[in-house]
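Let me begin by presenting the structure, written as structure tokens, before commenting on it.
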Amino acid sequence: METKFYGNKVTIIGAGFVGATTAYALMMGGTASEIVLVDVNQKRLEGEVMDLNHGIAFVPPVRIRAGTYEDCADSNVVIITAGVAQKPGETRIDLLKRNIEVFRSIVPRIVEHNRDCIIVVVTNPVDILTYVTLKISGLPPSQVMGSGTVLDSARFRFLLGQHCHVATQNVHAYIIGEHGDSEVAAWSITNIAGMPIEQYCLRCGRTCESDVKMRIFEEVKNAAYKIIEAKGATYYAVGLAVRRIVEAILRDENVVLPVSSLMQGYYGVEDICLSLPTLVNAKGVARVLELPLSQSEQEGFRRSAEILKGWLKEAGF
């Protein structure tokens, strides 16, 4: 049976742990017919491409190669995973300033060759760097998105599924706001089998008291810290999360994903990128959904926006 491809080409800027794992996830999923990796570390880049190519016999047909920014020219999607690592003793703001400078170099080189692609930002702090990418690129807001809280929401669903003894795929739940410490769990719209989470818990005999909710949310929020402490970096789940976003774009799916995009008055928030459930299709950000959140969730979302705006101001952007 012939493999069907929904799009032609994906270029990944950055071949570190996240970039290479994203390429691997795309390759395993048969998501694109061509995957190009670009990195300043040419030796590392060539090694990653060689390793990936040696597995091509076991996956749907795909071409994987090392490239340059010129390869953005005919790419449907360009993924940015490149960035600098935090130095010992360096503050988060100092790191942000350095990554903004990296993006001042990367983004113009992408749009120089392609102003029609969808740019997906993965580098952290992802919401701020998505905003920076949007402003530097001059592209329409629909064409620039960040991976946002797609991974956080997946962690949330996994932990709720474990607690309720139900498959993760049957849990509908979102983390909104920042991908980071000020993120918000949207408990008011969390459901299993169409039932609000509290009602489902009553029927399955599990407790959903506030302390249980807090424990689950804290596990979601602190997951990356624990993984980094244990193994140095997170990359498997984020690679799969990015693949899901790319699939939605290339297949024109109109799927709802909590990607980070420009806020334009949602819950009173403007001119910053944050995550809300969003329709994603071939045009990129098709529509941001304003769901019936509780008052406290809306306040948490607005607080998240103010924190990120404060960081941007402090970073001088």
Side-chain angles (χ1 to χ4, degrees), residues 5-16 18-23 25-27 29-40 45 49 62-83 99-100 102-123 126-148 150 238-239 241-255 257 259-262 273 275 278-288:
F5 292 113
Y6 294 85
N8 292 320
K9 184 177 177 183
V10 174
T11 295
I12 302 171
I13 311 297
V18 172
T21 307
T22 297
L26 292 170
M27 165 186 171
T31 309
S33 55
E34 184 174 5
I35 302 167
V36 180
L37 289 99
V38 179
D39 198 283
V40 293
L45 176 62
V49 169
V62 61
R63 183 187 184 201
I64 303 173
R65 62 184 178 86
T68 67
Y69 282 94
E70 291 182 359
D71 286 291
C72 295
D74 54 352
S75 297
N76 301 81
V77 179
V78 176
I79 302 167
I80 306 177
T81 68
N99 268 326
I100 287 175
V102 170
F103 271 56
R104 287 189 191 277
S105 171
I106 289 174
V107 175
R109 297 169 79 181
I110 294 171
V111 296
E112 175 188 355
H113 298 289
N114 190 340
R115 298 193 62 83
D116 296 319
C117 65
I118 307 299
I119 298 179
V120 178
V121 179
V122 185
T123 309
V126 66
D127 302 293
I128 290 179
L129 291 177
T130 301
Y131 181 83
V132 167
T133 299
L134 178 64
K135 293 302 179 181
I136 293 174
S137 69
L139 295 177
S142 61
Q143 287 179 233
V144 179
M145 70 180 76
S147 52
V150 174
V238 69
V242 177
R243 186 185 84 181
R244 187 66 194 94
I245 296 168
V246 174
E247 286 172 345
I249 296 167
L250 297 183
R251 297 175 180 175
D252 197 20
E253 288 187 8
N254 282 313
V255 71
L257 294 169
V259 295
S260 183
S261 66
L262 182 67
C273 289
S275 291
T278 302
L279 277 176
V280 179
N281 61 22
K283 295 179 181 178
V285 176
R287 182 155 59 96
V288 177

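Values below: every heavy atom of this structure, side chains too, minus hydrogens, waters and symmetry copies. All values reported here derive from a predicted model rather than from experimental measurement.
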Exercise. Is the side chain of Thr81 donor-acceptor paired with the backbone N or O of Gly14 at a distance under 3.5 Å, no angle test?
Worked result: yes
Problem set entry | Neighbour count above 12 (heavy atom, 6.0 Å) for Glu112 CD | yes
For this session: Give a yes-or-no answer on whether the side chains of Asn76 and Asn8 include a donor-acceptor pair shorter than 3.5 Å.
Result: no
For this session: Tell me, please, which residues at least two apart from Asp74 pass salt bridge (charged side-chain N to carboxylate O under 4.0 Å, His left out).
Result: Lys9
For this session: Measure the CD-CZ distance between Glu34 and Arg63 for me, rounded to the nearest 0.5 Å.
Result: 5.0 Å
Exercise. Okay, side chain of Asn114, backbone of Ser75: is any donor-acceptor separation there less than 3.5 Å?
Worked result: yes
Problem set entry | Sequence-distant partners of Arg104, salt bridge (charged side-chain N to carboxylate O under 4.0 Å, His left out), two or more places apart | Glu101
For this session: Applying side-chain contact (heavy atoms from CB on, under 4.5 Å), run through Val77 and Cys117 and close with a yes or a no.
Result: CA-CA 5 Å; Val77 179; Cys117 65; over 6 Å; no
Exercise. Under a 4.5 Å cut-off applied to non-hydrogen side-chain atoms, are Ile110 and Ile80 in contact?
Worked result: yes
For this session: Look at Glu253 together with Arg244 and state whether they make a salt bridge at an N to O cut-off of under 4.0 Å.
Result: yes
Exercise. Would you say Asp127 and Ser275 make side-chain contact, with heavy atoms under 4.5 Å?
Worked result: yes
For this session: Answer yes or no: is there a side-chain heavy-atom contact under 4.5 Å between Leu250 and Val10?
Result: yes
Problem set entry | Rounded distance (nearest 0.5 Å) linking atom CG of Leu129 with atom CG of Leu134 | 12.5 Å
Problem set entry | Pair Asp71-Thr11, side-chain donor/acceptor within less than 3.5 Å | no
Exercise. Where the side chain of Arg65 meets the backbone of Val36, is there a donor-acceptor pair that is under 3.5 Å apart?
Worked result: no
Exercise. Considering all heavy atoms of both residues, which atom of Ala82 and which atom of Phe103 are nearest to each other, and what is their separation?
Worked result: O-CE1, 3.6 Å
Problem set entry | Working for side-chain contact (heavy atoms from CB on, under 4.5 Å), residues Val122 and Thr22 | CA-CA 10 Å; Val122 185; Thr22 297; 5.8 Å; no
Exercise. Which atom names give the shortest non-hydrogen contact between Ile12 and Gly19, and what distance separates them?
Worked result: CD1-O, 3.8 Å
Problem set entry | pair Val144-Ser137: side-chain heavy atoms closer than 4.5 Å | yes
Exercise. Would a 4.5 Å heavy-atom cut-off, applied to side chains only, mark Ile119 and Gln143 as touching?
Worked result: no
Seminar exercise, completed: The reported gap from CG in Asn281 to CG in Asp252 (rounded to nearest 0.5 angstrom) is 5.0 Å
Exercise. Taking side chain as C-beta onward, heavy atoms only, is Met145 less than 4.5 Å from Ile249?
Worked result: yes
For this session: Start with the C-alpha distance between Ile79 and Leu26, add both sets of side-chain angles, then the distance that settles side-chain contact (heavy atoms from CB on, under 4.5 Å), and finish with yes or no.
Result: CA-CA 12 Å; Ile79 302 167; Leu26 292 170; 4.3 Å; yes
For this session: Using a 4.5 Å cut-off on heavy atoms from C-beta on, say whether the side chain of Leu37 contacts that of Ile35.
Result: yes
Exercise. Hey, are the side chains of Ser261 and Cys273 touching, using non-hydrogen atoms and a 4.5 Å cut-off?
Worked result: no
Exercise. Which pair of heavy atoms, one from Asp39 and one from Ala15, lies closest together, and at what distance?
Worked result: OD2-N, 2.6 Å
Exercise. Which residues satisfy the salt bridge (charged side-chain N to carboxylate O under 4.0 Å, His left out) test with Arg115, sequence neighbours excluded?
Worked result: none
For this session: Evaluate the criterion side-chain contact (heavy atoms from CB on, under 4.5 Å) for residue pair Cys72 and Ile13; output intermediate values, then yes/no.
Result: CA-CA 10 Å; Cys72 295; Ile13 311 297; 4.3 Å; yes
For this session: Mind listing the closest non-hydrogen atom pair of Tyr69 and His113 along with its distance?
Result: O-CD2, 3.3 Å
